[in-house]
2 protein chains.
Amino acid sequence: MPLTADLTRTATELRIVLGQLVRRLRAENALPLHHVTVLSRLERVGPQTTSALAAAERMRPQSMAHTLGELGKEGLVDRRPDPIDRRQIIVALTDAGRELLTRERNRREGWLTQAIAEQLTADERQVLVRAVPLLRRLVDS
Amino acid sequence: MPLTADLTRTATELRIVLGQLVRRLRAENALPLHHVTVLSRLERVGPQTTSALAAAERMRPQSMAHTLGELGKEGLVDRRPDPIDRRQIIVALTDAGRELLTRERNRREGWLTQAIAEQLTADERQVLVRAVPLLRRLVDS
DNA sequence: TATTGTTATACTCTATAACTATA
DNA sequence: TATAGTTATAGAGTATAACAATA
């Protein structure tokens with residue numbers, strides 16, 4: 001019984017601090033947060049279909065299509081049909097997208113990286129590193 | 001040098017999983033997430049001014065006023081001027097708000113609490129418990 | 001004049017429903 | 001018919017600017 005009570009409290013505190021972190025990240029802005037998310041995934045994993053991107057972000061394909069539409073209009077991604085199955089659209093970073101991502105990373109992700117470096121001790125950073133895959137497991141549950 | 005690279009990677013992974021968690025929380029919905037946030041703070045801390053609520057959530061007072069307007073229209077919070085300084089508005093939970101919060105907690109926060117209970121070992125839960133105040137420190141930095 | 005709060009407006013982010021095109 | 005994608009629409013969530021009221 002006290003276990004459950006503690007867990008509920010942890011859940012509440014986690015939810016609250018998540019919201020605050022997202023707002024903080026947005027404030028350290030320049031680019032919309034979901035744009036950076038998609039661009040950086042394309043950089044790490046390479047060209048992807050709309051569906052694959054949506055699944056990776058746990059987002060509806062329609063939402064991802066909308067985001068990709070915005071990125072395409074800005075010339076940051078390039079979309080072309082898969083030559084084999086022309087229903088599928090392969091999304092890839094353009095040079096402009098790659099450049100922007102690099103510049104942007106030095107700002108926004110810069111803030112979070114810097115905060116982790118400056119505000120936490122080495123031991124505390126280890127706690128954070130171990131916590132991230134646990135959060136991922138919660139998302140996937 | 002490898003330290004900074006690792007930190008950047010941790011920051012990126014953290015940002016990504018944050019977004020996913022927020023979407024998941026929203027999906028386990030019923031109530032808008034920011035409504036729950038404000039209601040549960042009022043329950044924990046008691047009646048508050050608009051400014052105090054905004055500061056606590058690291059949000060603009062205007063945004064908080066907007067949220068409070070919605071909550072007020074739904075009869076979940078009660079707003080009345082401070083008798084001493086009538087510029088200040090004291091916001092308090094109504095009975096309806098308190099009831100709704102209890103019902104809601106059994107759903108949404110229910111999901112997160114349950115996921116923490118079922119998906120994590122006792123040791124892993126401890127990592128999470130220790131990580132939350134670290135995240136808070138990052139927000140405040 | 002300074003502080004507290006609100007309203008108007010717009011932008012970010014995501015979802016549902018309805019549609020098109022290819023398989 | 002099933003699958004991949006998009007468009008239209010709406011709602012959640014937050015910010016900036018302009019304003020009103022009280023101190």
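Atoms considered below: every heavy atom in the structure, side chains included; atoms not considered: hydrogens, waters and symmetry mates. Sequence lines set the chain letters: A, B, ... in the order given, protein chains first and strands last, and positions in each chain run from 1.
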Q) When you measure from the side chain of R60(A), which nucleotide among dA4(D), dT16(C), dT6(C) comes out closest? A) dT16(C)

Q. With a 4.5 Å heavy-atom cut-off, do L71(A) and L39(A) have their side chains touching?
A. yes

Q. When the distance from CD of E28(B) to P of dT14(C) is rounded to whole Å, what number comes out?
A. 16 Å

Q. Looking for any heavy atom pair under 4.0 Å, which part of the strands does M64(B) touch: base, sugar-phosphate only, or nothing?
A. nothing

Q | Rounded interatomic separation in angstrom, taking CG from L21(B) and P from dT14(C) | A | 13 Å

For residues 132-139 of chain B, run the donor-acceptor check on the side chains, cut-off 3.5 Å, and write out each pair with its distance to 0.1 Å, sequence neighbours left out.
from    : atom 1 : to      : atom 2 : distance (Å)
R137(B) : NH1    : Q119(A) : O      : 2.6
R137(B) : NH1    : E124(A) : OE1    : 2.8
R137(B) : NH2    : E124(A) : OE2    : 2.9

(Q) Within the 4.5 Å heavy-atom criterion, are L53(A) and L42(A) side-chain neighbours or not? (A) yes

Q.
Using a 3.5 Å distance criterion without hydrogens, assess whether the side chain of T49(A) forms a donor-acceptor pair with backbone atoms of Q88(A).
A. no

Q.
Tell me the closest heavy-atom pair linking A117(A) and R125(A), and the distance in Å.
A. O-NH1, 3.1 Å

(Q) If I take atom CD in residue E74(A) and atom C1' in nucleotide dC11(C), what distance separates them, rounded to the nearest angstrom? (A) 13 Å

Q: Can you tell me the distance, in whole Å, between the CD atom of Q20(B) and the C1' atom of dT14(C)?
A: 14 Å

For nucleotides 7-12 of chain D, give me every protein contact, N/O to N/O, under 3.5 Å, one pair per line with atom names.
none

Q: Name the residue closer to the 5' end of DNA chain D, choosing between R23(A) and I90(A) according to the nucleotide with the nearest heavy atom.
A: I90(A)

Q. Rounded to the Å, how far apart are L25(B) CG and dA15(C) P?
A. 13 Å

Q. Using 4.0 Å as the upper bound for N to carboxylate O, is an ion pair formed by R80(B) and D78(B)?
A. yes

Q | side chain to side chain contact (heavy atoms under 4.5 Å, CB included) against E74(A), all qualifying residues, sequence neighbours excluded | A | H35(A), L76(A)

(Q) Could you work out, with salt bridge (charged side-chain N to carboxylate O under 4.0 Å, His left out) as the rule, every residue matching R58(A), not counting sequence neighbours? (A) D140(A)

Pairwise N/O distances under 3.5 Å, protein to nucleotides 21-23 of chain C:
from    : atom 1 : to     : atom 2 : distance (Å)
dA23(C) : OP1    : R86(A) : N      : 3.0

Q | Between dA15(C) (C1') and E57(A) (CD): distance, integer Å | A | 16 Å

Q: Of all the heavy-atom pairs spanning A96(A) and G75(A), show the shortest one and how long it is.
A: CB-O, 3.8 Å

Q) So, S40(A) side chain and T37(A) main chain: donor-acceptor pair closer than 3.5 Å or not? A) yes

Q | Positions of residues 43-56 of chain B (non-hydrogen atom under 4.0 Å from DNA chain D), listed by number | A | none

Q.
Using whole Å, what does the distance between atom P of nucleotide dC11(C) and atom NE2 of H35(A) come to?
A. 13 Å

Q) Does P32(A) offer a backbone N or O that forms a donor-acceptor pair with the side chain of R26(A) under 3.5 Å? A) no

